[in-house]
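Structure first, then comments.
Chain naming here is simple, since letters A, B, ... match the order of the sequence lines and numbering starts at 1 in each. From a predicted model like this one, the values you see are computed outputs, not experimental measurements.
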Amino acid sequence: MDTAERLELATRNTAEVVEESELQQLLAEGTPSAYIGYAPTGEMHIGHFTTMRKLADFLGAGMEVTVLIADLHAHLDDAKSPFDLLDARSAYYQETIEAMIDAAGADPDDIEFVRGSEFELDEDYALELLRMAAETTISRAQRAASEVVRESDSPKLGGLLYPLMQTLDVDALDADVAYGGIDQRGIYMLSREMLPDHGGEAPVCVFAPLLSGLSGGKMSASDEASKVNLTDDRETVVEKVGDAYCPAGEREDNGVLEYLEYLVFPVLDERGESFVIERPEEYGGDVTYETYGDLEEDFLAGDLHPADLKPAAGAAISAVIAPVRERLLDQPALLREAYPEKYD
RNA sequence: CCGCCCUUAGCUCAGACUGGUAGAGCAGUCGACUGUAGAUCGACUUGUCCCCCGUUCAAAUCGGGGAGGGCGGACCA
């Protein structure tokens, strides 16, 4: 595989790459390392899943991949996770992420898992954090973290340390590439700005698109109807997709199309399968799509009606998450201990 | 350490001065209309009024105590 092919693999299905030329350079020189961090807060959902195929792409492009379970960040962000649940939630996140990577067609054993608290309390790290805190204005830190850290009536100092620590994580993990949702852009732009002055190098940033919610607008972790949970059974997934905002012939805010493009088709492609829609003869009979592009073309042209698309999309999404769902249901203690107030 | 303010539906809040069956908007649920959903109509649901004690025939409302949160002042050898 030549550099151009590796670059295409590493950058496909992304929202933005800063800067692509830098990534090309890294690939030309050898084996770049990439990392993505997840703060173990609420239950993982399908939005997380859409970032997993990219990790497989990175591996396929001959890169090293590290997944950071950012346990301390989960507490620093407005105490989304209570301090004494960090271990249980980290365990749940790691198991779930491994299941998703597996389901997405990659081998979890090829990925290194690291927990934030393993190195974020090191003396060198702490010292550098304080130095950064001394030279970063409050408004700058707020701006960097505004899309990530929860807004609160009583904002805590932790939310300001958050982007600084994430910046130091890049260096501590020795990552050439920082990967995350496009919501992480503010933080990593701060990292590119600051890291060269703090003993590191500006990372190349690869951003995944944030998918629309099923109820229109942004997907909200707190809105059950806007997202598919990894533990939702097939019936529930089909029902949620059936209730989704999905205007005929429109792509904007259309979560159903986005799920197909960024979740279903990449996984079908990996498995060498195609997407089949069962449709009454009255409306044209069954259709099969090999690529998302073909499907979108028909949908935008009005040749594929939402009422026909939805049941097939729901079933396909359910099929994609099924292995993850089964693995989680096989280990009920993971969820019970991570979210005792919900599962007790 | 001192002072002031806040706490009512899932969310944002009104009601408190002047005690009398706890409200609005949004959200949600259900119908109608669409071959989906949304939008739009129509209907419906929602409560530890932060906790305890007291006054009263009657307390979200008045009094006392407490908890949580916010703001300010003071102290600064």
According to a hydrophobic-cluster definition based on side-chain heavy atoms being under 4.5 Å apart (Ile, Leu, Val, Met, Phe, Trp, Tyr only), do A:Tyr262 and A:Phe299 belong together? yes

Kindly give the atom pairs (protein nitrogen or oxygen, nucleotide nitrogen or oxygen) under 3.5 Å for nucleotides 25-31 of chain B.
none

Report the residues that fulfil side chain to side chain donor-acceptor pair (under 3.5 Å) with A:Thr14, sequence neighbours left out, ordered by chain and then residue number. none

Return the pairing partner of B:U18 with a 3.5 Å limit on both distances, Watson-Crick or G-U wobble; otherwise return none. none

Using whole Å, what does the distance between atom C1' of nucleotide B:G35 and atom OH of A:Tyr283 come to? 4 Å

Using whole Å, what does the distance between atom C1' of nucleotide B:U36 and atom CZ of A:Phe299 come to? 9 Å

Decide if atom CD of A:Glu252 counts as having more than 12 heavy atoms of other residues, nucleotides or ligands within a radius under 6.0 Å. no

What is the distance, rounded to the nearest whole Å, between atom CZ of A:Arg150 and atom C1' of B:C11? 14 Å

If you count heavy atoms of other groups shown closer than 6.0 angstrom to CD of A:Glu278, is the number above 12? no

Watson-Crick/G-U partner (both atom distances under 3.5 Å) of B:U36: none

G-U wobble or Watson-Crick pairing nucleotide for B:A43 (cut-off 3.5 Å, both distances): B:U29

Quick one: look up who B:G54 pairs with, Watson-Crick or G-U, both distances under 3.5 Å, and put none if it's unpaired. B:C62

Check the surroundings of atom CZ in A:Arg234: do more than 12 heavy atoms from other residues, nucleotides or ligands lie under 6.0 Å from it? no

Say we look at B:C1 and B:C76: how far apart would their C1' atoms be, to the nearest angstrom? 13 Å

Side chain to side chain donor-acceptor pair (under 3.5 Å) partner of A:Asp233, chosen from A:Asn229, A:Thr231, A:Thr236: A:Thr236

Which pairs with one or both residues in residues 130-175 of chain A pass ring-ring contact (aromatic ring centres under 6.0 Å, His included), sequence neighbours excluded? A:His73-A:Tyr162

Rounded distance in Å between the P positions of B:A39 and B:G72: 42 Å

Could you check whether atom CZ of A:Arg150 has more than 12 heavy atoms from other residues, nucleotides or ligands sitting under 6.0 Å from it? yes

Watson-Crick or G-U counterpart of B:A67, or none if no pair lies under 3.5 Å: B:U7

Aromatic ring centroids of A:Tyr92 and A:Tyr339 under 6.0 Å? yes

Atom CZ of residue position A:Phe113 - does it have more than 12 heavy atoms of other residues, nucleotides or ligands inside 6.0 Å? yes

For A:Asp308 and B:U36, give me the distance from atom CG to atom C1', rounded to whole Å. 9 Å

Using side-chain heavy atoms (C-beta onward) and a distance below 4.5 Å, is A:Arg12 in contact with A:Arg53? yes

Sequence neighbours excluded - ring-ring contact (aromatic ring centres under 6.0 Å, His included) pairs with any residue from residues 171-228 of chain A: A:Phe58-A:Tyr179

Residues in residues 239-254 of chain A with a heavy atom under 4.0 Å of RNA chain B, by number, are A:Gly242, A:Asp243, A:Ala244, A:Tyr245, A:Cys246, A:Pro247, A:Ala248

Across all strands, who's sitting opposite B:C1 as a Watson-Crick or G-U wobble pair, both distances under 3.5 Å? B:G73

Give the B/S/- string for nucleotides 67-73 of chain B, one per nucleotide from 5' to 3', where a protein heavy atom under 4.0 Å of the base yields B, of only the sugar-phosphate yields S, and otherwise -. ---S---

Please give, in whole Å, the distance from B:A37 C1' to A:Glu258 CD? 15 Å

